[in-house]
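Worksheet: one structure, shown below.
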Amino acid sequence: MKKPCVFLDRDGTLIKEKNYLSDPDEVELYPDAAPSLNLLRECGFLLIVISNQSGIARGYFSEQDLALVNDRMYQLLKDAGAGIDGLYYCPHLEKDNCLCRKPKPGMILRACKDYDIDLSSSFVIGDKLSDALTAVNIGAYPILVTTGYGSDFEKEIPKATFVAANLWEASLHIKELIFKRRCLLSNAKTV
């Protein structure tokens, strides 16, 4: 059976934006990151991070540096009682025209193969226009958080995008949508 998923951007969504973050000592979770992930997990979602990391192609940091930053994020989440199921990243520049760089669906399509995901029941949360467009491109529900760079993109996002102040507000919105969907389904069964 296919599973619903929440795809999360990393920088500016789960951890504080540091502009080409390469030092694991600079990784800072947003205070609402762990509670938000736990709420989404309770709602039955897989949790997968999808992140453009062009700093690799730019020569700002190596894939090993990125792995250390990601390991630090995993550890901080674990210490806070939360976790994610997977993480995918694109190391390319926009001009490389690869299939994995958001808003293209490559990372998500790989995750779908690995985790048997139902995209029609999934969400994408991020702080950039590319995150909202990724959701539209795969048929998922887009949510823009105004943390990170999010407030810069509010006027450019697709109309169906929900705008949340942070990851916690986004998670509460998803929980509310799931509750309404379940109520509609149970009412339809009793009719």
Side-chain angles (χ1 to χ4, degrees), residues 3-19 21 24 26-53 66 69-89 102-103 107-108 111-112 114-115 117-136 138-154 157-158 160-183:
K3 298 166 256 200
C5 182
V6 176
F7 295 98
L8 301 131
D9 180 48
R10 191 190 77 174
D11 304 296
T13 303
L14 280 173
I15 65 175
K16 293 185 180 178
E17 176 63 52
K18 299 288 174 94
N19 202 24
L21 177 63
E26 292 184 17
V27 175
E28 282 185 79
L29 289 178
Y30 280 111
D32 62 353
S36 300
L37 294 178
N38 289 333
L39 177 62
L40 292 168
R41 177 91 59 214
E42 288 170 16
C43 291
F45 288 97
L46 288 169
L47 304 171
I48 296 179
V49 173
I50 54 168
S51 184
N52 287 342
Q53 292 295 324
L66 176 64
V69 166
N70 288 337
D71 288 347
R72 179 69 177 145
M73 179 188 69
Y74 285 128
Q75 187 60 53
L76 290 172
L77 286 170
K78 182 180 177 187
D79 292 349
I84 57 173
D85 297 301
L87 183 147
Y88 298 82
Y89 67 91
K102 295 183 288 185
M107 287 186 279
I108 290 178
C112 287
D114 295 343
Y115 293 93
I117 293 169
D118 175 10
L119 290 178
S120 66
S121 298
S122 295
F123 295 79
V124 177
I125 303 174
D127 69 320
K128 293 191 176 91
L129 177 61
S130 62
D131 297 304
L133 292 175
T134 299
V136 171
I138 62 164
Y141 188 103
I143 298 178
L144 179 81
V145 289
T146 59
T147 51
Y149 293 115
S151 59
D152 296 342
F153 294 102
E154 279 187 84
I157 57 173
T161 305
F162 180 77
V163 178
N166 52 40
L167 188 55
W168 179 248
E169 189 176 296
S171 301
L172 289 174
H173 179 68
I174 290 171
K175 181 180 179 181
E176 182 181 317
L177 290 174
I178 298 305
F179 177 75
K180 286 179 181 177
R181 184 180 298 160
R182 288 181 184 152
C183 286

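No experiment lies behind these values; they were computed from the predicted model shown.
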- [ ] Verify side chain to side chain contact (heavy atoms under 4.5 Å, CB included) between Leu66 and Tyr89, making sure each step is shown before the conclusion.
- [x] CA-CA 10 Å; Leu66 176 64; Tyr89 67 91; 3.4 Å; yes
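- For the pair Leu133 and Ile157, the minimum side-chain heavy-atom distance is 4.5 Å or more.
- Of all heavy-atom pairs spanning Tyr30 and Glu17, the tightest one is OH-N, 4.1 Å.
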Task: Stepwise side chain to side chain contact (heavy atoms under 4.5 Å, CB included) test for Ile138 and Val124 - done: CA-CA 10 Å; Ile138 62 164; Val124 177; 4.1 Å; yes
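- Inter-residue side-chain proximity for Tyr141 and Leu177 is flagged as met; some heavy-atom pair is nearer than 4.5 Å.
- In this structure, the side chain of Thr146 engages the main chain of Ala165 through a donor-acceptor pair within 3.5 Å.
- A pairwise comparison of heavy atoms in Ile117 and Ser122 identifies CG2-OG, 3.6 Å as the closest pair.
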- [ ] Please test Tyr149 against Asn19 for side chain to side chain contact (heavy atoms under 4.5 Å, CB included), starting from the C-alpha separation and ending with a verdict.
- [x] CA-CA 10 Å; Tyr149 293 115; Asn19 202 24; 3.8 Å; yes
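- Judged by distance alone, with hydrogens and angles left aside, the side-chain atoms of Arg41 form no donor-acceptor pair with the main-chain N or O of Ala82 at under 3.5 Å.
- Here the CG-OG1 distance, from Leu8 to Thr13, works out to 7.5 Å after rounding to the nearest 0.5 Å.
- Under the 4.5 Å side-chain criterion, counting only non-hydrogen atoms from C-beta, Met73 is in contact with Val27.
- Aromatic rings from Phe45 and Phe123 are positioned such that their centres are separated by under 6.0 Å.
- You'll find the side chain of Asn166 stays beyond 4.5 Å of the side chain of Val145, heavy atoms only.
- By the 4.5 Å heavy-atom criterion applied to side chains, Ile125 and Asp9 are not counted as neighbours.
- Taking all atoms of both residues into account, the shortest heavy-atom contact from Ala132 to Thr161 is CB-OG1, 3.9 Å.
- Residues forming a side-chain hydrogen bond (donor to acceptor under 3.5 Å, both in side chains) with Lys18 (at least two apart in sequence, or on another chain): Glu28.
- With no hydrogens or angles considered, no side-chain donor-acceptor pair links Glu42 and Asn38 at under 3.5 Å.
- Each of Val69, Asn52, Ile50 was compared with Arg10 under the side chain to side chain contact (heavy atoms under 4.5 Å, CB included) criterion, and only Val69 meets it.
- Here the side chains of Ile84 and Leu46 are not in contact, with every heavy-atom distance at 4.5 Å or above.
- Leu37 and Gly83 make their closest contact through CD1-O, 4.0 Å (heavy atoms, listed as atom of the first residue, atom of the second, distance).
- Between Lys128 and Asp11 there is no salt bridge, since no side-chain nitrogen of the basic residue lies less than 4.0 Å from a carboxylate oxygen of the acidic one.
- In this structure, Lys3 does not pair ionically with Asp118, as no charged nitrogen and carboxylate oxygen lie closer than 4.0 Å.
- Using a distance-only test at 3.5 Å, with no hydrogens or angles considered, a donor-acceptor pair links the side chain of Thr147 to the main chain of Gly12.
- In this structure, Leu87 and Ser51 have side chains that are not in contact, with every pair of non-hydrogen atoms separated by 4.5 Å or more.
- Considering every non-hydrogen atom in both Ala111 and Ile48, the closest pair reads CB-CD1, 4.0 Å.
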Open item on the list: What verdict does the side-chain hydrogen bond (donor to acceptor under 3.5 Å, both in side chains) test give for Gln75 and Asp71, after you've listed the backbone C-alpha separation in whole Å, the side-chain angles of each residue and the deciding distance to 0.1 Å?
Closed with: CA-CA 6 Å; Gln75 187 60 53; Asp71 288 347; over 6 Å; no
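- Asp85 places a side-chain N or O within 3.5 Å of a backbone atom of Leu47 that can act as its donor or acceptor partner.
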Open item on the list: Please determine whether side chain to side chain contact (heavy atoms under 4.5 Å, CB included) holds for the pair Val163 and Ile143, giving the CA-CA distance in whole Å, both sets of side-chain angles, and the decisive distance to 0.1 Å.
Closed with: CA-CA 6 Å; Val163 178; Ile143 298 178; over 6 Å; no
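- Smallest separation of non-hydrogen atoms from Ala164 and Ala170: CB-N, 3.6 Å.
- For Phe162, the ring-ring contact (aromatic ring centres under 6.0 Å, His included) criterion is met by His173, not counting sequence neighbours.
- Here the side chains of Phe7 and Thr134 are not in contact, with every heavy-atom distance at 4.5 Å or above.
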